[in-house]
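Working notes for the structure below.
The figures that follow rest on heavy atoms only: side chains count, while hydrogens, waters and symmetry mates do not.
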Amino acid sequence: MLPAAHGAAADSQDIQRLTADLGGAEVSVHPATGTARFVRIPSGAAPAAAAARSFGFAPGGEDLAQKSATFLDTYAGAFGLAGAGDLSLAGSAKDRTGATHLTYTQQYRGVAVFGAVLKTHFDAAGELRVVNGVTVPGIDVDATPTRSAEDAARAALSRVTAQKGGQLSVRYTRLWVYRAGLLKGVRGANHLAWEVEVGNGNDVREFVFVDAHTGKVIDQFTGVHDAMSRRAYDGLFLPNPPPSYPASPFWVEGDAFPTSIAEANNMLLASQETYDLFFDAFSRDSWD
C-alpha cells in the first residue's frame with residue numbers, strides 16, 4: 001500500500017512488508033517521523049527471483065540509480081513517500097572497496113525538504129545492502145510563499161538584534177519545506193519556511209526559520225557555540241578556597257596540557273567530557 005500523494009506517515013504494514021520481502025531485513029524507525037531511517041538487507045535477499053536484477057540484489061542488470069529508483073518506488077510507503085519521484089539524485093560516489101553510495105534529497109513541488117537526505121549503498125557486486133537517512137512524511141503545504149524573503153529577513157534580523165545586539169546583517173535567505181522538531185527527534189508540523197542567516201561575520205551566526213505564510217518565527221539555532229572557559233585551582237587539601245583563589249589559578253583554558261600533575265589532568269579531562277556529554281546529548285551549554 002502506497003501513501004497519499006507526497007507522503008503520509010509510514011504505515012507499520014509497509015515496514016513489515018519490506019522486512020518480510022527482504023528475508024528479515026533489519027529496519028529502524030525515526031522517532032520524529034515514524035519512517036524507516038535504516039534498512040540493512042541480508043546478502044542475496046530478493047522478493048522474487050525475477051525481480052532480483054531490478055531491485056539490485058544481484059550483480060548486473062540495470063544501472064544502480066535505476067535499481068535504487070525501483071526499490072524506493074516499491075517500498076516508498078516505509079519511507080513515507082509517494083515514490084522515488086519525491087527524491088532527487090544529488091550525488092554518487094565509489095569508495096576504495098568498490099562499493100557505490102547514492103545520495104538523494106527529498107523534494108516537494110520543487111522545494112527541497114530541510115534535513116531530508118536518503119542514501120542507498122551497493123556493494124562491489126552491485127548488490128543493494130543498506131538504505132539510510134531521513135525522510136519527511138505527510139507534507140501538505142502551499143509551496144508558493146505569501147511572505148517574501150525580504151519580509152522574513154526583516155523579522156529574523158529584528159529578532160536576533162534584540163537577542164544579541166551589535167551591528168548584524170542578513171547573510172542569505174533560502175526557501176525550504178521545514179519539519180519542526182526534526183533536528184530534536186520529536187514529532188512536529190510541516191511548514192513552508194524561509195531560512196535566514198543573521199550574523200556579524202565574527203561571533204554571531206544565527207539561523208532563523210520564518211513561516212513563509214504567517215511570517216512567524218518557528219525555529220532558531222546558532223552556528224557559533226560558546227567555547228569552554230575553565231579555571232582550575234590547587235585546593236591544597238584545605239576545607240575552604242585556597243589563597244590562590246581567584247587571582248592565581250593553577251590552570252586556565254588555553255594553557256599547556258597536560259600539566260605536570262596527573263590528578264589535575266584527570267580533573268580537566270573529566271570536566272571536558274562532562275561538558276561534552278551535556279552539550280551533545282541535551283544541547284545544554286553548561287556543566288551543571
Heavy-atom pair of closest approach, residues [X] and [Y]:
X: V134; Y: G115; value: CB-O, 3.8 Å
X: T173; Y: A153; value: CG2-CB, 4.2 Å
X: L102; Y: S68; value: CD2-OG, 3.8 Å
X: A232; Y: L268; value: CB-CD2, 4.0 Å
X: A25; Y: P42; value: CA-CD, 3.8 Å
X: L236; Y: P242; value: CD1-CB, 4.3 Å

If we only count heavy atoms from C-beta on, is the [X] to [Y] side-chain gap below 4.5 Å?
X: V113; Y: R179; result: no
X: D151; Y: W194; result: no
X: L118; Y: L72; result: yes
X: Q163; Y: V204; result: no
X: S92; Y: L64; result: no
X: Y108; Y: V136; result: no
X: H30; Y: L182; result: yes
X: V131; Y: F79; result: yes

Out of curiosity, [X] [atom1] to [Y] [atom2], how far, rounded to the nearest 0.5 Å?
X: E195; Y: D219; atom1: CD; atom2: CG; value: 10.5 Å
X: T144; Y: D142; atom1: OG1; atom2: CG; value: 5.0 Å
X: T100; Y: K67; atom1: OG1; atom2: NZ; value: 10.0 Å
X: R230; Y: Y275; atom1: CZ; atom2: OH; value: 10.0 Å
X: D14; Y: T35; atom1: CG; atom2: OG1; value: 11.5 Å
X: D86; Y: Q106; atom1: CG; atom2: CD; value: 6.0 Å

Between F71 and I41, does the side-chain contact (heavy atoms from CB on, under 4.5 Å) criterion hold? Intermediate values first, please.
CA-CA 12 Å; F71 174 88; I41 303 166; 4.2 Å; yes

Quick one about [Y] and [X] (side-chain donor to acceptor, distance below 3.5 Å, no hydrogens or angles considered), yes or no?
X: D21; Y: Y75; answer: yes
X: Q167; Y: S169; answer: no
X: D73; Y: T70; answer: no

So V208 and R159, side-chain contact (heavy atoms from CB on, under 4.5 Å) or not? Walk me through it.
CA-CA 9 Å; V208 183; R159 179 186 178 92; 4.3 Å; yes

Membership question, hydrophobic clusters at under 4.5 Å side-chain separation (ILVMFWY): are [Y] and [X] in the same one?
X: L175; Y: V141; answer: yes
X: F250; Y: M267; answer: yes
X: V170; Y: L168; answer: yes
X: L22; Y: F38; answer: no
X: F257; Y: I261; answer: yes

Answer yes or no: does atom OH of Y245 have more than 12 heavy-atom neighbours from other residues, nucleotides or ligands under 6.0 Å?
no

Is the backbone N or O of P137 less than 3.5 Å from a side-chain atom of N190, with the two atoms forming a donor-acceptor pair by type?
yes

Going by side chain to side chain donor-acceptor pair (under 3.5 Å), N132 matches just one of H121, R37, R40, K119. Which one?
H121

Run V160 and Q220 through side-chain contact (heavy atoms from CB on, under 4.5 Å) and show every step you take.
CA-CA 10 Å; V160 178; Q220 178 182 347; 4.1 Å; yes

Considering residues at least two apart in sequence or located in another chain, which fulfil the salt bridge (Lys or Arg N to Asp or Glu O under 4.0 Å) criterion with R205?
E197

Kindly assign one of parallel, tilted or perpendicular to the pair F207 and Y172, based on the angle between their ring planes and the thresholds 30° and 60°.
tilted

For the residue pair Y178 and F114, does the interplanar ring angle fall in the parallel (under 30°), tilted (30 to 60°) or perpendicular (over 60°) class?
tilted

Residue pair R17, T74: steps toward the side-chain contact (heavy atoms from CB on, under 4.5 Å) verdict:
CA-CA 10 Å; R17 180 170 68 89; T74 303; 4.2 Å; yes

Apply the side chain to side chain contact (heavy atoms under 4.5 Å, CB included) test between V117 and each candidate in T103, T135, L87; give the one that qualifies.
T103

Any residue meeting ring-ring contact (aromatic ring centres under 6.0 Å, His included) with Y104, in chain and number order, not counting sequence neighbours
none

